[in-house]
2 protein chains.
Amino acid sequence: MVKVDKSTEKTILEAAKRVFHERGLAGARMQQIADEAGINKALLHYYFRSKDQLFKAVFAAALATVIPQINEIFDADLPLFEKIRTFADRYTILLMQNPYLPGFIIQEINNNPNFANDYLTSEIRPNPEKLLVQIRKEAEAGNIIAVNPLQLVISLLGLCVFPFIAAEMIKGVTGVTSEQFNRLMEERRKYVPEFVINAIKPRP
Amino acid sequence: MVKVDKSTEKTILEAAKRVFHERGLAGARMQQIADEAGINKALLHYYFRSKDQLFKAVFAAALATVIPQINEIFDADLPLFEKIRTFADRYTILLMQNPYLPGFIIQEINNNPNFANDYLTSEIRPNPEKLLVQIRKEAEAGNIIAVNPLQLVISLLGLCVFPFIAAEMIKGVTGVTSEQFNRLMEERRKYVPEFVINAIKPRP
DNA sequence: GTCTATAGCCAGATAGAC
DNA sequence: GTCTATCTGGCTATAGAC
């Protein structure tokens with residue numbers, strides 16, 4: 001990476017992010033991070049002490065870019081259908097800008113059963129509670145069909161996140177290029193919320 | 001692992017499957033596989049030559065347990081709604097029996113950009129073509145609303161697979177136990193297909 | 001086929017000069 | 001703060017006895 005006028009620590013974090021996102025904790029190499037940052041290995045240790053701590057910093061940053069945004073929409077003061085539209089739209093945009101993020105997070109959670117204790121603080125922690133209550137109330141009022149609120153939230157998340165997790169598989173199987181894939185995700189910003197709303201809107 | 005009367009090769013493959021599924025290629029250790037198989041490292045190399053080849057065998061087996069089943073339903077001679085119900089039901093059962101499988105496959109695909117060439121043969125390759133055509137025809141006939149067929153297939157897959165990929169996250173955040181999670185997936189066998197059918201059924 | 005012992009390498013971490 | 005050089009441990013892989 002070309003040296004630019006920016007703190008070494010930031011440069012390291014950005015290089016580490018790229019490498020960890022691509023290869024995971026176990027697969028990443030400190031040498032590659034150093035190369036991408038345009039520095040040497042010793043300096044990585046000078047700034048972050050160990051590979052593990054560097055990883056923790058990158059992982060925490062990943063959670064911090066995605067979880068607060070999710071919670072903000074979960075807690076927004078919006079009618080349910082508007083909330084679903086806003087969530088799908090904003091979350092898809094976020095993922096288009098950070099396509100490696102979901103796979104990275106999921107992968108490392110599965111490899112570190114203790115992640116909840118290690119990383120989830122009171123601020124950085126997905127909190128669907130308000131949305132779950134909102135769904136339950138709308139169902140009781142008959143504004144949507146009867147659903148298990150947790151199933152609905154999982155479904156909404158899955159519809160947004162899954163294509164990014166499975167991107168390489170989708171490309172490999174269907175033959176769509178990265179550009180076509182992006183257009184597909186662009187289309188999904190509107191497709192997903194209408195899909196979900198249709199699924200839960202009562203029929204006359 | 002307790003020694004039982006079964007071929008060493010099979011014992012190794014089962015142990016390797018457990019370890020690779022949990023830790024991925026880079027994170028797995030040949031020593032751990034040997035321990036779980038109740039043998040020593042040298043024997044692993046005697047049977048599979050290298051870690052890489054052992055991994056390839058496990059990965060190919062993983063694809064072989066899931067892809068043919070998917071294709072069978074994709075290609076079945078069923079009306080669309082029945083196909084959706086069958087797919088969600090059977091695929092969810094399959095994943096409940098192999099919960100590590102999706103995460104394992106996704107993780108290694110993302111770490112090996114060349115996987116399509118390495119692993120996808122003419123038999124072992126997801127083939128949604130017939131289902132895509134079927135969806136297009138149903139939409140043209142007005143039996144379902146207008147949709148991009150690929151979006152619909154991705155959605156159906158995501159609704160089934162995502163909860164398993166995100167299982168640890170879901171448990172960590174909501175506090176549901178593994179047993180409660182299984183009940184949730186059990187419920188999903190019916191929930192997902194009705195959700196999807198509702199989403200695409202035309203309104204009067 | 002299965003084992004013990006060990007070779008050989010690679011990656012994380014540190015020492016110490018500048 | 002940043003570098004080069006090096007240590008150290010751990011891991012894959014092999015040699016060779018049984």
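These numbers come from a predicted model, not from an experiment. Excluded from the calculations below are hydrogen atoms, water molecules and symmetry mates; all remaining heavy atoms, backbone and side chain alike, are included. Residue numbering restarts at 1 for every chain, and letters A, B, ... go by the order of the sequence lines.
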Practice task
Look at all strands and tell whether B:A34 reaches a base, only sugar-phosphate, or nothing, counting heavy atoms closer than 4.0 Å.
Solution key: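 Counting heavy atoms under 4.0 Å across all strands, no contact is made by B:A34.
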For [X] and [N], what is the distance between atoms [atom1] and [atom2] respectively, to the nearest whole Å?
| X | N | atom1 | atom2 | answer |
| --- | --- | --- | --- | --- |
| A:R29 | C:dC10 | CZ | C1' | 8 Å |
| A:L25 | C:dG12 | CG | C1' | 12 Å |
| A:E9 | D:dG1 | CD | P | 9 Å |
| A:F55 | C:dA13 | CZ | C1' | 19 Å |
| B:Q31 | D:dG9 | CD | P | 18 Å |
| B:N40 | D:dT14 | CG | C1' | 13 Å |

Exercise for the section: Provide the full list of ring pair (Phe, Tyr, Trp, His ring centres under 6.0 Å) pairs with a residue in residues 59-79 of chain B, sequence neighbours left out, each pair given once. Expected result: B:F55-B:F59, B:F59-B:F104, B:F59-B:Y119, B:F74-B:F87
Would you mind listing every salt bridge (charged side-chain N to carboxylate O under 4.0 Å, His left out) that reaches into [range], with sequence neighbours excluded?
| range | value |
| --- | --- |
| residues 115-133 of chain A | none |
| residues 91-108 of chain A | none |
| residues 158-177 of chain A | A:E168-A:K171 |

Handout entry: Among C:dC3, D:dC3, C:dA11, the nucleotide that comes nearest once only the side chain of A:I39 is considered
Key =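 Of C:dC3, D:dC3, C:dA11, D:dC3 is nearest to the side chain of A:I39.
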Handout entry: Within residues 43-54 of chain B: residues closer than 4.0 Å to DNA chain D (heavy atoms)
Key = B:H45, B:R49, B:S50, B:K51
Exercise for the section: Please tell me if the side chains of A:L184 and B:I154 come closer than 4.5 Å, counting only heavy atoms from C-beta onward. Expected result: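 They are in side-chain contact.
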Handout entry: side-chain N/O B:T8 vs C:dG1 OP1/OP2, d < 4.0 Å
Key = no
Handout entry: Earlier contact from the 5' end, DNA chain C, for A:A42 and B:A42
Key = B:A42
Practice task
For A:I93, check side chain to side chain contact (heavy atoms under 4.5 Å, CB included) against everything at least two apart and list the hits.
Solution key: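 A:I93 satisfies side chain to side chain contact (heavy atoms under 4.5 Å, CB included) with A:D89, A:Q97, A:R189 once adjacent residues are dropped.
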